[in-house]
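Heads up, the thing below is written out as structure tokens.
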Amino acid sequence: QVQLVESGGGLAQAGGSLRLSCAASGRTFSSYRMGWFRQAPGKEPEVLAAISWRRGSTYYADSVKGRFTISGDNAKSTVYLQMNSLTPADTAVYYCAADRSPWMVVASERFDYWGQGTQVTVSS
């Protein structure tokens, strides 16, 4: 069982930056595949980025490529999402997710563990 707790959300101005953190419980953090998703009101969940340390690979959605960066600190069992050049379209609830499989599969249903979400609001 893995528990995920996100933090770092809040209000940002367009063009600004935020860094989200996701602290994971468990001693096998480095073997998991981690992902960041978001869901805006009335929209489907959207994968943003994912990382698999065992496979040494990352994934970015086209909508955030070049603006968002996923990274992690295995010693702290924490994964981060650095978000730059924010726009109002980035306003959503952001979720961290984890799965035991190291294979880079990014569909939301392929992640077994989810955090509670953190709100990000970007003002124009």
Side-chain angles (χ1 to χ4, degrees):
Q1 187 74 13
V2 175
Q3 292 184 329
L4 305 172
V5 179
E6 301 102 333
S7 61
L11 179 64
Q13 291 188 334
S17 299
L18 284 174
R19 188 177 81 156
L20 305 182
S21 299
C22 173
S25 64
R27 293 176 290 180
T28 58
F29 174 77
S30 62
S31 68
Y32 280 68
R33 182 176 87 261
M34 306 293 295
W36 283 99
F37 293 76
R38 69 186 177 191
Q39 186 168 21
K43 294 188 177 181
E44 294 293 318
E46 175 188 11
V47 61
L48 303 174
I51 187 167
S52 172
W53 285 284
R54 282 178 59 185
R55 299 294 297 173
S57 60
T58 57
Y59 165 88
Y60 291 96
D62 288 342
S63 59
V64 303
K65 198 173 294 183
R67 298 191 301 126
F68 292 8
T69 302
I70 189 170
S71 63
D73 185 334
N74 286 331
K76 296 181 178 179
S77 295
T78 300
V79 65
Y80 304 98
L81 185 68
Q82 177 67 44
M83 306 187 296
N84 299 327
S85 301
L86 289 165
T87 75
D90 294 315
T91 296
V93 178
Y94 284 66
Y95 297 91
C96 172
D99 191 78
R100 292 186 183 91
S101 170
W103 299 103
M104 188 53 73
V105 178
V106 298
S108 59
E109 61 267 25
R110 300 297 294 272
F111 285 81
D112 286 337
Y113 305 101
W114 291 82
Q116 82 287 352
T118 185
Q119 176 71 46
V120 170
T121 302
V122 184
S123 62
S124 58

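Each residue takes its place number in the sequence, starting with 1. Hydrogens, waters and symmetry mates are skipped; everything else that's a heavy atom, side chains included, is used.
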Original post:
Could you give all pairs that pass the disulfide bond (SG atoms under 2.5 Å apart) test and reach residues 38-74, with sequence neighbours left out?
Top reply: none

**OP:** Examine Val47 and Tyr32 and state if one hydrophobic cluster contains both, with Ile, Leu, Val, Met, Phe, Trp and Tyr joined whenever side-chain heavy atoms are less than 4.5 Å apart.
**Re:** no

Cut-off 3.5 Å, no hydrogens considered: what does the side-chain donor-acceptor table look like for residues 7-23, sequence neighbours left out?
| unit_1 | atom_1 | unit_2 | atom_2 | d |
| --- | --- | --- | --- | --- |
| Ser17 | OG | Asn84 | OD1 | 2.9 |

Original post:
Of all heavy-atom pairs between Tyr80 and Gly72, which one has the smallest distance, and what is that distance?
Top reply: CD1-CA, 4.2 Å

Subject >> Summary of side-chain hydrogen bond (donor to acceptor under 3.5 Å, both in side chains) pairs that have at least one residue in residues 91-112, sequence neighbours excluded >> reply: Arg33-Asp99, Arg38-Tyr94, Arg100-Tyr113

Original post:
What residues form a side-chain hydrogen bond (donor to acceptor under 3.5 Å, both in side chains) with Gln119, not counting sequence neighbours?
Top reply: Thr121

Show which side-chain atoms of residues 48-60 pair as donor or acceptor with protein atoms under 3.5 Å away, not counting sequence neighbours.
| unit_1 | atom_1 | unit_2 | atom_2 | d |
| --- | --- | --- | --- | --- |
| Ser52 | OG | Arg55 | N | 3.3 |
| Ser52 | OG | Pro102 | O | 2.6 |
| Tyr60 | OH | Ile70 | N | 2.9 |

Original post:
Are Met34 and Met104 connected in a single hydrophobic cluster, I mean Ile/Leu/Val/Met/Phe/Trp/Tyr linked by side-chain heavy atoms less than 4.5 Å apart?
Top reply: no

Subject >> Residue pairs, two or more places apart or on separate chains, that pass disulfide bond (SG atoms under 2.5 Å apart) and touch residues 62-93 >> reply: none

Original post:
Can you pull the disulfide bond (SG atoms under 2.5 Å apart) pairs that have at least one residue in residues 36-74, sequence neighbours excluded?
Top reply: none

Original post:
If Ile, Leu, Val, Met, Phe, Trp and Tyr residues are connected whenever their side-chain heavy atoms lie under 4.5 Å apart, and connections chain through other members, are Val122 and Leu81 in the same group?
Top reply: yes

Original post:
So, the side chain of Glu6 versus the backbone of Gln116: is there a donor-acceptor pair under 3.5 Å, distance only?
Top reply: yes

Original post:
So which pairs with a foot in residues 56-78 pass salt bridge (charged side-chain N to carboxylate O under 4.0 Å, His left out), sequence neighbours left out?
Top reply: Asp62-Lys65, Arg67-Asp90

**OP:** Measure the shortest side-chain to side-chain distance between Phe37 and Val93 over non-hydrogen atoms and say whether it is less than 4.5 angstrom.
**Re:** no

**OP:** Please list all pairs passing the disulfide bond (SG atoms under 2.5 Å apart) test where one or both residues lie in residues 57-88, with sequence neighbours left out.
**Re:** none

**OP:** Grab the two heavy atoms, one from Leu4 and one from Ala24, that are nearest each other, plus how far apart they are.
**Re:** CD2-CB, 3.6 Å

